[in-house]
Number of protein chains: 2
Amino acid sequence: MAPARKPRDMLAPDPDGGHFEPHVPDVDYGVLDSLIGYAIRRAQIRVYEDFVSSLAAWHITPPRFSALQIIGRNAALKLTDLAQILGIARSGAVLLVDALESMGLVERLPSATDRRAYGLALTDAGRRTLEDVTAAVCAHDARIAGDLSEEEREVLRGLLERLGR
Amino acid sequence: MAPARKPRDMLAPDPDGGHFEPHVPDVDYGVLDSLIGYAIRRAQIRVYEDFVSSLAAWHITPPRFSALQIIGRNAALKLTDLAQILGIARSGAVLLVDALESMGLVERLPSATDRRAYGLALTDAGRRTLEDVTAAVCAHDARIAGDLSEEEREVLRGLLERLGR
DNA sequence: TATTGTTATACTCTATAACTATA
DNA sequence: TATAGTTATAGAGTATAACAATA
């Protein structure tokens with residue numbers, strides 16, 4: 001039989017998984033400090049960290065939130081449409097919708113005009129949850145941008161939109 | 001026995017995997033359009049797409065490039081340091097360094113002071129490759145930010161750095 | 001022939017937990 | 001008792017390729 005062992009996490013926390021430090025002191029980041037792409041990556045890591053911890057109670061991740069928002073705003077979307085809008089493969093959209101459906105937030109309604117397709121819709125629970133979750137996401141977004149004035153946020157959104165054309 | 005089948009990709013390309021369209025026409029994005037977090041995600045997808053296609057020939061991904069850059073600039077870094085700087089778990093750093101080592105770009109040198117630890121270093125090939133790759137990454141970064149003036153890039157980097165404090 | 005949803009499969013990235021050898 | 005590197009394992013998330021039903 002296997003010998004009893006003491007779980008490590010009862011003695012001392014594993015040092016992995018602390019908060020991300022964008023600029024560790026005394027480290028030379030070289031060209032990374034001048035790249036727009038790396039600045040975006042640094043920001044993205046911190047934003048993602050805060051999003052996940054803010055919405056852990058609902059088990060809502062960024063792609064799930066985006067999907068709920070898009071489905072709620074656009075009636076009878078097909079799975080293929082959703083995939084294109086989110087920029088993911090159709091097979092990924094199937095998995096995403098499967099998860100939201102098993103959470104009782106989304107349903108697949110048969111299309112009236114195309115017997116291959118479904119129209120996606122929020123359930124009543126989905127609509128209620130989306131309201132709460134949207135409030136939490138907006139609070140999160142305001143928190144991570146808390147340092148910025150409304151004008152600065154406008155400028156930031158505008159500059160980001162012009163990248164990669 | 002299994003019947004012969006025609007591979008689909010010889011007939012017509014699978015519609016998945018085209019370019020990401022940040023704003024699909026006639027789609028209501030709801031609150032997503034006002035979120036800083038979603039603006040960053042949209043930008044990140046396009047930047048990542050361009051990075052990967054620009055560096056596919058070297059098999060260099062963004063985390064690999066960051067690691068090479070950091071290792072090249074900071075002598076005798078430990079794996080644990082690298083993990084902290086990049087914001088990943090130590091186990092992830094091991095895999096990352098394994099990949100770079102198998103590509104002949106990085107080596108683990110035994111530490112003089114700590115027999116548990118290694119000091120990471122670029123090989124000669126690693127230094128040469130990093131030069132070429134850095135030029136390609138800078139060209140990529142200039143391309144995705146091509147629309148922006150130097151002043152605007154400065155503003156963008158500054159605003160991104162202030163997020164999530 | 002092409003498209004819709006689906007499944008199978010695989011690969012990358014990431015994390016947690018545990019282990020070993022040192023410290 | 002804690003740390004450095006490692007391994008095993010698992011879970012997201014993603015992609016490609018193929019398929020049946022339908023257009």
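Here is the naming used below: chain letters follow the sequence lines, and residue numbers restart at 1 for every chain.
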Lys/Arg N to Asp/Glu carboxylate O, Arg108(A) vs Asp98(A), below 4.0 Å: yes
Tell me the interatomic distance from His59(A), atom NE2, to dG11(D), atom P, rounded to whole angstroms. 14 Å
Rounded to the Å, how far apart are Glu49(A) CD and dA12(D) P? 19 Å
Nearest whole angstrom, please: distance from the C1' of dC13(C) to the CD of Gln44(B). 13 Å
Considering only side-chain heavy atoms of Arg41(A), which listed nucleotide, dG5(C), dA17(D), dT14(C), is closest? dT14(C)
Are the side chains of Leu77(B) and Tyr118(B) in contact, using a 4.5 Å heavy-atom criterion? no
Is there a residue in residues 110-119 of chain A whose heavy atoms reach under 4.0 Å of DNA chain D, and which residues are they? Asp114(A), Arg115(A), Arg116(A)
Side-chain donor/acceptor of Ser91(A) to base of dT16(D), under 3.5 Å: yes
Atom pairs under 3.5 Å: protein N/O with N/O of nucleotides 10-12 of chain C:
none

Connected to Phe20(B), directly or through other members, by ILVMFWY side-chain contacts below 4.5 Å are Ile45(B)
Testing dG5(C), dC13(C), dA4(D) for proximity to the side chain of Pro63(B), the answer is dC13(C)
Can you tell me if Arg116(A) and Ser111(A) form a side-chain donor-acceptor pair at under 3.5 Å? no
In whole angstroms, how far is the P atom of dG11(D) from the CD1 atom of Ile88(B)? 21 Å
Whole-Å distance between dA12(D) C1' and Phe65(A) CZ? 20 Å
Between dG5(D) (C1') and Leu96(B) (CG): distance, integer Å: 15 Å
Would you say dG5(D) has OP1 or OP2 under 4.0 Å from some side-chain N or O of Thr80(B)? yes
Quick check on dT6(D): is either OP1 or OP2 less than 4.0 Å from any side-chain nitrogen or oxygen of Arg108(B)? yes
Just to verify, what does His23(B) make a ring-ring contact (aromatic ring centres under 6.0 Å, His included) with, not counting sequence neighbours? Tyr29(B)
Show the numbers, then the answer: is there a side-chain contact (heavy atoms from CB on, under 4.5 Å) between Trp58(B) and Asp132(B)? CA-CA 10 Å; Trp58(B) 285 281; Asp132(B) 297 345; 4.0 Å; yes
Please write out which residues are connected to Tyr48(B) in a hydrophobic cluster, directly or through intermediates, given that two of Ile, Leu, Val, Met, Phe, Trp, Tyr count as joined at side-chain heavy-atom separations below 4.5 angstrom. Val52(B)
Would you classify Leu95(B) as touching base, sugar-phosphate or nothing, given that sugar-phosphate means primed atoms plus P, OP1 and OP2, and contacts are heavy atoms under 4.0 Å? base
Between CZ of Arg90(A) and C1' of dT14(D) the distance, given in whole Å, is 15 Å
Protein-nucleotide distance (Asp81(A), atom CG; dT4(C), atom C1'), rounded to Å: 11 Å
Using the rule given for side chain to side chain donor-acceptor pair (under 3.5 Å), can you reason through Ser34(A) versus Arg157(B), listing the C-alpha separation, both sets of side-chain angles and the distance that settles it, and then say yes or no? CA-CA 8 Å; Ser34(A) 67; Arg157(B) 276 191 296 263; 5.8 Å; no
Pair listing, side chain to side chain donor-acceptor pair (under 3.5 Å) test, anchored in residues 36-47 of chain B, at least two apart: Asp33(B)-Arg42(B)
